[in-house]
Colleague: 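Dropping the structure in here first, questions after.
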There are 2 protein chains.
Amino acid sequence: MLETAILGLLNSAPLHGYELRKRLNLLLGSFRAFSYGTLYPALKSLVARGLIETTEREAPAPAGRASGTRQAGAKSSGKAPLSGRRGRIVYRLTADGKEHLQTVLASSGPAAWEDENFDVRFAFFAQTDAETRIRILEGRRTRLTERLEAVRESAARTRERLDEYTLELQRHGLEQVEREVRWLDGLITTERDRALGRARDHSAGAQDAPAQRNKERG
Amino acid sequence: MLETAILGLLNSAPLHGYELRKRLNLLLGSFRAFSYGTLYPALKSLVARGLIETTEREAPAPAGRASGTRQAGAKSSGKAPLSGRRGRIVYRLTADGKEHLQTVLASSGPAAWEDENFDVRFAFFAQTDAETRIRILEGRRTRLTERLEAVRESAARTRERLDEYTLELQRHGLEQVEREVRWLDGLITTERDRALGRARDHSAGAQDAPAQRNKERG
DNA sequence: TCACGATGTATCGACTCGATACGTCGTGAC
DNA sequence: GTCACGACGTATCGAGTCGATACATCGTGA
């Protein structure tokens with residue numbers, strides 16, 4: 001799923017690795033944080049498969065012996081030769097990459113709503129059509145409800161022999177998941193309303209409020 | 001941290017791998033789920049370091065050639081020779097293991113409140129003394145507050161160029177962490193009250209209510 | 001009788017993280 | 001002036017982890 005995130009970000013603008021990682025971790029907020037040990041191999045793989053390409057703008061290396069020991073002395077070549085710091089490697093989507101991204105963003109199978117994928121898919125909902133959005137949200141909701149059920153049942157079978165702290169940990173975990181389900185409910189409702197409003201009456205373009213109208217649901 | 005969880009569970013009773021994993025995943029609830037690919041190497045390492053030992057009760061292998069190809073034919077040796085299914089490998093804490101576990105449970109350094117350790121430490125709070133519990137809860141709280149601050153600041157610097165869904169994802173992530181902080185607040189309060197009550201007045205043993213009195217703080 | 005699922009031990013490949021290395025550049029303390 | 005420090009920037013390594021899988025036993029029920 002890192003790959004999808006990379007493609008999604010590069011779809012807006014070409015970026016180099018460092019910036020890519022910053023935006024990635026901003027995008028996913030407090031959910032996940034990818035490290036360079038994950039990012040660079042993924043970039044390499046994407047290049048190898050022709051989905052992205054490197055465009056070495058602002059590279060100070062003249063030609064040949066690119067990453068050699070490059071003797072000191074290039075320091076005096078004036079400051080800011082183009083505009084950036086140093087030879088960064090800027091990545092850009094290829095035509096294949098764009099196509100692949102569209103395919104992925106249009107998919108709404110089980111893979112889209114598993115733990116490790118959902119937040120990335122959600123982050124690019126703006127590039128996903130409404131039907132797919134709803135299907136993914138509903139799939140995610142079902143997935144969480146199932147898990148809730150499994151944990152509850154499993155806990156019911158072994159309740160008596162757990163100490164208070166373990167119990168509290170379980171209670172808190174369940175509560176977090178329940179809250180997540182309610183969050184999804186709000187999003188689904190908003191999406192449905194939007195879809196209906198758009199279909200039924202699209203002349204009065206006033207109530208086009210975005211998806212976070214579900215703030216004050218205690 | 002898997003190791004601490006294993007030692008903590010084996011401190012109550014000797015267990016075999018399969019049962020250990022079940023309890024592990026019940027213990028950590030919806031937080032984490034360790035797989036066998038993690039569990040068995042960890043067990044092996046613990047045995048090698050002398051913190052746990054195997055006691056092969058209920059083993060059908062007679063002697064020698066223990067894990068050899070064991071020809072079919074042992075099937076007719078009567079059902080339920082002892083009580084269990086098959087030769088399981090039961091693990092048990094050694095004296096060194098008990099000592100090590102006590103040392104770990106008494107520690108309250110930064111390692112105790114990081115993401116990957118906190119829930120395991122919390123799950124064994126019943127075996128941890130009150131002072132350590134409070135220190136870990138407060139450390140965890142500080143950690144989360146710092147992260148909250150960092151994400152908020154980082155988001156403030158780049159707010160304008162994010163679409164509604166990304167924004168909503170961030171908002172939701174922040175809210176989850178805020179809720180976690182409030183949960184910790186409730187636990188810390190409860191722990192402080194308990195410590196005070198125990199010190200000031202320990203004759204009226206009626207109000208010894210456990211730690212989940214913070215349910216209806218919404 | 002025999003397929004299936006629960007129980008049980010064990011490993012492999014792929015992925016990810018955190019630490020680290022190496023290097024450039026701007027800034028501010030002294 | 002210089003030089004330490006931190007931001008920027010690319011890259012890899014070891015350790016830990018997951019999911020899938022393999023293999024084997026046993027009870028149950030079609």
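Numbers restart at 1 for each chain; the letters A, B, ... are given by sequence-line order, proteins then strands.
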Colleague: Would you check if there is a donor-acceptor pair between the side chains of Glu168(A) and Trp183(B) at a distance under 3.5 Å?
Modeller: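 The criterion, which ignores hydrogens and geometry beyond distance, is satisfied for Glu168(A) and Trp183(B).
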Colleague: Using atom CG of Asp115(B) as one end and atom C1' of dG18(C) as the other, report the distance to the nearest whole Å.
Modeller: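 After rounding, the gap between these two atoms is 13 Å.
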Colleague: With DNA chain C as reference, determine whether Tyr91(B) or Leu2(A) sits nearer its 5' end, using the nearest nucleotide of each.
Modeller: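 Between the two, 5'-proximity favours Tyr91(B).
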Colleague: When you measure from the side chain of Tyr18(A), which nucleotide among dA6(C), dA11(D), dG9(D) comes out closest?
Modeller: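 Among the listed nucleotides, the one closest to the side chain of Tyr18(A) is dG9(D).
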Colleague: Under 3.5 Å, is there a donor-acceptor pair linking the side chains of Gln102(A) and Gln127(A)?
Modeller: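 Judged by distance alone, the side chains do not pair up.
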Colleague: Rounded to whole angstroms, how far apart are CG on Leu20(A) and C1' on dA11(D)?
Modeller: 15 Å
Colleague: Within the distance-only criterion (no hydrogens, no angle test), does the side chain of Arg141(B) pair as donor or acceptor with the backbone N or O of Asp185(B) below 3.5 angstrom?
Modeller: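 Flag not set: sc Arg141(B) to bb Asp185(B) has no pair under 3.5 Å.
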Colleague: Check this one for me: any side-chain N or O of Lys44(A) less than 4.0 Å away from OP1 or OP2 of dT12(D)?
Modeller: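 Indeed, a polar side-chain atom of Lys44(A) lies that close.
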Colleague: Quick one: Leu43(B) CG to dT17(D) P, roughly how many Å, whole number?
Modeller: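 It works out to 13 Å between those atoms.
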Colleague: Just how far, in rounded Å, is C1' of dA10(C) from NE2 of His16(B)?
Modeller: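 In whole Å, dA10(C) C1' and His16(B) NE2 are 15 Å from each other.
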Colleague: Can you confirm whether Ile136(A) sits close enough to Arg121(A) that some side-chain heavy atom of one is under 4.5 Å from a side-chain heavy atom of the other?
Modeller: yes
Colleague: Rounding to an integer number of Å, can you tell me how far Ile89(B) CD1 sits from dA10(C) C1'?
Modeller: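 The answer, rounded to whole Å, is 9 Å.
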Colleague: May I have the distance from Leu15(B) (atom CG) to dG8(C) (atom C1'), rounded to whole angstrom?
Modeller: 14 Å
Colleague: Can you list every pair that meets salt bridge (charged side-chain N to carboxylate O under 4.0 Å, His left out) and has a residue in residues 3-20 of chain B, with sequence neighbours left out?
Modeller: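 Qualifying pairs: Glu3(B)-Arg49(B), Glu19(B)-Lys22(B), Glu19(B)-Arg23(B).
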Colleague: Do any pairs count as a salt bridge (charged side-chain N to carboxylate O under 4.0 Å, His left out) and have a residue in residues 93-114 of chain B, sequence neighbours left out, and if so which ones?
Modeller: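 Found Glu114(B)-Arg143(B).
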Colleague: Looking only at side-chain N and O atoms, does Tyr40(A) come under 4.0 Å of OP1 or OP2 in dT10(D)?
Modeller: yes
Colleague: Round to a whole Å and report the spacing from CZ of Arg21(B) to C1' of dT11(C).
Modeller: 15 Å
Colleague: Do NZ/NE/NH1/NH2 and the carboxylate oxygens of Arg171(A) and Glu178(A) come within less than 4.0 Å?
Modeller: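 No, this pair does not count.
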Colleague: Rounded to the nearest angstrom, tell me the gap between atom CG in Asn117(B) and atom P in dG16(D).
Modeller: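 These atoms are roughly 13 Å apart.
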Colleague: Check nucleotides 18-22 of chain D against the protein and report each pair of N or O atoms closer than 3.5 Å, with its distance, or say if there are none.
Modeller:
residue: dC18(D); atom: OP1; partner: Ala33(B); partner atom: O; Å: 2.6
residue: dC18(D); atom: OP2; partner: Ser35(B); partner atom: N; Å: 3.1
residue: dC18(D); atom: OP2; partner: Thr38(B); partner atom: OG1; Å: 2.6

